[in-house]
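Contents: one structure, followed by commentary.
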Amino acid sequence: MTPTTQGSAVLRQGEPYDFDFIVIGSGFGGSVSALRLVDKGYRVAVMEMGRRWTPDNLPRTSWSIHRWFWRPGLALRGFFNMRFFRHVTILHGCAVGGGSITYACTLLRPPDKVWDNGYWAGLADWKAEMPQHYDTASRMLGVTENNILGPADLLLSRAAQESGVGDTFYRTHVSIFQSPEGEPRGQTFPDPYFGGEGPERTTCNACGGCMMGCRHGAKNTLDQNYLYLAEKRGATVYPETKVVDVRPLNGQPDGSDGYAVSTVKSTAMLNRRPRRFTCRAVVFSASSLGTTELLFRLKTKGSLPRISDRLGKHIRTNSESLIGVRVPGCAQDLSKGVAIGSGVYIDEHTHIEAVRYPAGSDTMSLWTTILTGGRPGPGRIALWLKNLWSSAVRHPVKTFRLFQPFGWARETIILLCMQALDAHIDMCWERPWFWPFRKFLVSRGDKVPTYIPQANEFAQKLARLAGGTAMSMLPEILFNIPGTAHCLGGCVIADSPDNGIVDFRHRVFGYKNMYICDGSVVAANLGVNPSLTITALTERAMSFISPAAEAINNPTGLSGSACITG
Ligand SMILES: Cc1cc2nc3c(=O)[nH]c(=O)nc-3n(C[C@H](O)[C@H](O)[C@H](O)COP(=O)(O)OP(=O)(O)OC[C@H]3O[C@@H](n4cnc5c(N)ncnc54)[C@H](O)[C@@H]3O)c2cc1C
């Protein structure tokens, strides 16, 4: 066993490792893992690349780019990131609490049929096992039905009625602390969720600011529940700490002697302060994109060469399309409510949610333009230019008001359209043609459709009702590239390394005491927002890990049974 090198503040007397478990990433997979492992008696560290946020340092609006957007090389140290690929633009979070800081906190259970599709089908009795984990996840995240319907939700409901699908309108389930209907908003209470062990919470004031991090303490972000409790019970969280290497210790290629985890300070431009920690076991929870990218890097440089060649396969996007309606000069403030207050099903496969940013957060307007249908390619771009031209000539003032950014959030309903169709792309680790000096993640495969005709039709109907103009995302029209906040897959659950990266208990094929718990393991298109499923899957994965007292010094390892992954 290797003696510890650095980061040894928590070393037990005579203990050969700095920590029992190192969890990489503090999002849904990482925070759940941290709490459950601490509860089982393990010494846990969580390495998180992003910063720690509190209501006091969160930005007021998205114009505060340096505190909203994450691009540390440009001194932008916020909690929201966008990554651009040939096939998709991926939106994701980066913070202590992972995507929960920026997410819209809508937590839905997918239909049972998702367990029948993809490589995970038949590997466990998912339909029987998952409900208890969804229940635990919902209780921990404080999921309730949204009781605040803002003007945007009411418009969505009217448009659904006009389209003959009014009966599918539903209020979302959200992880927000809400006051009972009719009672005053914005009141602070002692911990309402964990018998007094959790932090105090303030009821939602319907400002629509969930995606800017919630400056009022109403959104149940992970640093208010799972991660809060994990830290309180002994886990050590290292913010602004990016993991750059994970290697088996003592030349044991399967990691049975533990791992060395190397980190750098993610927000430092010059002195990156490299550190090295040792641990018995590792949980990768860096998100679908983050874990896939990190594992590609580690496989290629020889740190973890046994990772299956299926890495990066089956990245899914929920087949999302972001469209919207802007109503310049709207009498009502469409930003009021919760970030995603309601949804409708416009057909069997197509689900639309009403989304909003808080008043003043208008930067997203720079990505929106007049909705234009048609097959992707030059024809659609030509049609878009024609639409722009005719709008500018016929209604110059209206067109100006449509495109000037200020007031966008107050005047806009974003429509998040998701389809439960099984489209996917692959991520590869290659030198792109435009920068052949080093390898990057590059997307491959068939493009996920950006044009969902029935959703566009619905947006136009809603625009007519509201007296506004239907909008779509500029990259969708110009480059036929959809945007997604729900990137999943890349390290999917499967029966063998020939098909995926982890087994049905999230154990990495080829290694001992190495797990993946995040969106990357999801092996099917969920058709709904994924965080509740990631949380529930992680609860399930952690339930298989034996308590520390039983597992440490047990030759069968930490998973409670002989490792099948070695
Ligand atoms: C604007 C927006 C709105 C959304 N709204 C919803 C919603 O309403 N409902 C829903 O279900 N989902 C929503 N999502 C999606 C949701 O945020 C993600 O599905 C979820 O966070 C994924 O969980 P995860 O555990 O896989 O990873 P994440 O929560 O993304 O956490 C991964 C963490 O790992 C860290 N990390 C990455 N690489 C490293 C490294 N090398 N070293 C250290 N740390 C690292 C990252 O900084 C990040 O904090 C939204 C996303 C966005 C961007």
Side-chain angles (χ1 to χ4, degrees), residues 22-33 46-52 62 68 70 72 79-83 89-110 137 141 143 172-176 210-213 219 221-223 226-227 237-246 261-264 266 283-295 297-298 318 320 322 338-341 343 353 355 357 364 414 416 418 483-491 516-522 526 528-535 537-538:
I22 288 184
V23 179
I24 304 170
S26 63
F28 290 87
S31 295
V32 177
S33 302
V46 181
M47 304 297 169
E48 171 52 58
M49 184 164 78
R51 285 170 64 189
R52 202 185 272 277
S62 59
W68 178 50
W70 174 256
F79 48 81
F80 172 76
N81 199 358
M82 281 169 109
R83 298 277 304 269
T89 302
I90 295 173
L91 283 52
H92 63 97
C94 175
V96 172
S100 77
I101 304 302
T102 193
Y103 90 144
C105 53
T106 295
L107 293 171
L108 302 179
R109 297 186 190 204
L141 295 171
V143 180
T172 46
H173 283 87
V174 288
S175 61
I176 294 177
C210 317
M211 287 195 283
M212 293 310 300
K219 183 164 86 159
T221 47
L222 291 163
D223 54 342
Y226 278 106
L227 198 60
V237 177
Y238 291 83
E240 299 174 46
T241 302
K242 180 177 178 177
V243 172
V244 290
D245 201 9
V246 178
V261 174
S262 305
T263 67
V264 293
S266 60
V283 182
F284 285 87
S285 294
S287 81
S288 167
L289 195 60
T291 295
T292 303
E293 188 167 37
L294 182 57
L295 288 180
R297 189 163 280 140
L298 302 187
N318 254 349
E320 275 163 276
L322 284 168
V338 302
I340 303 182
E353 290 173 344
V355 185
Y357 270 95
M364 276 287 179
I414 305 165
L416 170 59
M418 290 172 269
T484 181
H486 297 164
C487 179
L488 297 171
C491 304
I516 302 179
C517 292
D518 59 22
S520 70
V521 302
V522 174
L526 301 176
V528 293
N529 320 56
S531 302
L532 189 66
T533 298
I534 297 168
T535 310
L537 280 170
T538 307

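Counting starts at 1 for both ligands and their atoms, in listed order.
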**Asked** Aromatic rings Y357 and W68: how do their planes relate, parallel, tilted or perpendicular, breaks at 30° and 60°?
**Response** perpendicular
**Message:** Using the side chain to side chain donor-acceptor pair (under 3.5 Å) criterion, which residues pair with S175? Sequence neighbours excluded.
**Reply:** Y103
**Prompt:** Is a side-chain donor-acceptor pair under 3.5 Å present for D518 with S287?
**Reply:** no
**Prompt:** What pairs with E240 under salt bridge (charged side-chain N to carboxylate O under 4.0 Å, His left out), at least two apart in sequence or on another chain?
**Reply:** K265
Exercise answer, ligand 1 polar atom pairs (N/O) under 3.5 angstrom:
| from | atom 1 | to | atom 2 | distance (Å) |
| --- | --- | --- | --- | --- |
| ligand 1 | 5 (N) | A104 | N | 2.9 |
| ligand 1 | 8 (O) | A104 | N | 3.4 |
| ligand 1 | 8 (O) | C105 | N | 3.2 |
| ligand 1 | 8 (O) | T106 | N | 3.0 |
| ligand 1 | 9 (N) | T106 | O | 2.8 |
| ligand 1 | 11 (O) | T106 | O | 3.3 |
| ligand 1 | 11 (O) | P530 | N | 3.3 |
| ligand 1 | 11 (O) | S531 | N | 2.8 |
| ligand 1 | 11 (O) | S531 | OG | 3.0 |
| ligand 1 | 12 (N) | S531 | OG | 3.0 |
| ligand 1 | 25 (O) | F28 | N | 3.1 |
| ligand 1 | 25 (O) | G29 | N | 2.9 |
| ligand 1 | 26 (O) | G519 | N | 2.8 |
| ligand 1 | 29 (O) | G99 | N | 2.8 |
| ligand 1 | 41 (N) | V243 | O | 3.2 |
| ligand 1 | 42 (N) | V243 | N | 2.9 |
| ligand 1 | 44 (N) | M49 | N | 3.1 |
| ligand 1 | 47 (O) | E48 | OE2 | 2.6 |
| ligand 1 | 49 (O) | E48 | OE1 | 2.9 |
| ligand 1 | 49 (O) | E48 | OE2 | 3.0 |
| ligand 1 | 49 (O) | A95 | N | 3.3 |
| ligand 1 | 49 (O) | A95 | O | 3.2 |

**Request:** Applying salt bridge (charged side-chain N to carboxylate O under 4.0 Å, His left out), name anything that partners R297, two or more places apart in sequence or on another chain.
**Result:** none
**Request:** Look only at the side chain of S520 and the backbone of S288, and say whether a donor-acceptor pair between them is shorter than 3.5 Å.
**Result:** no
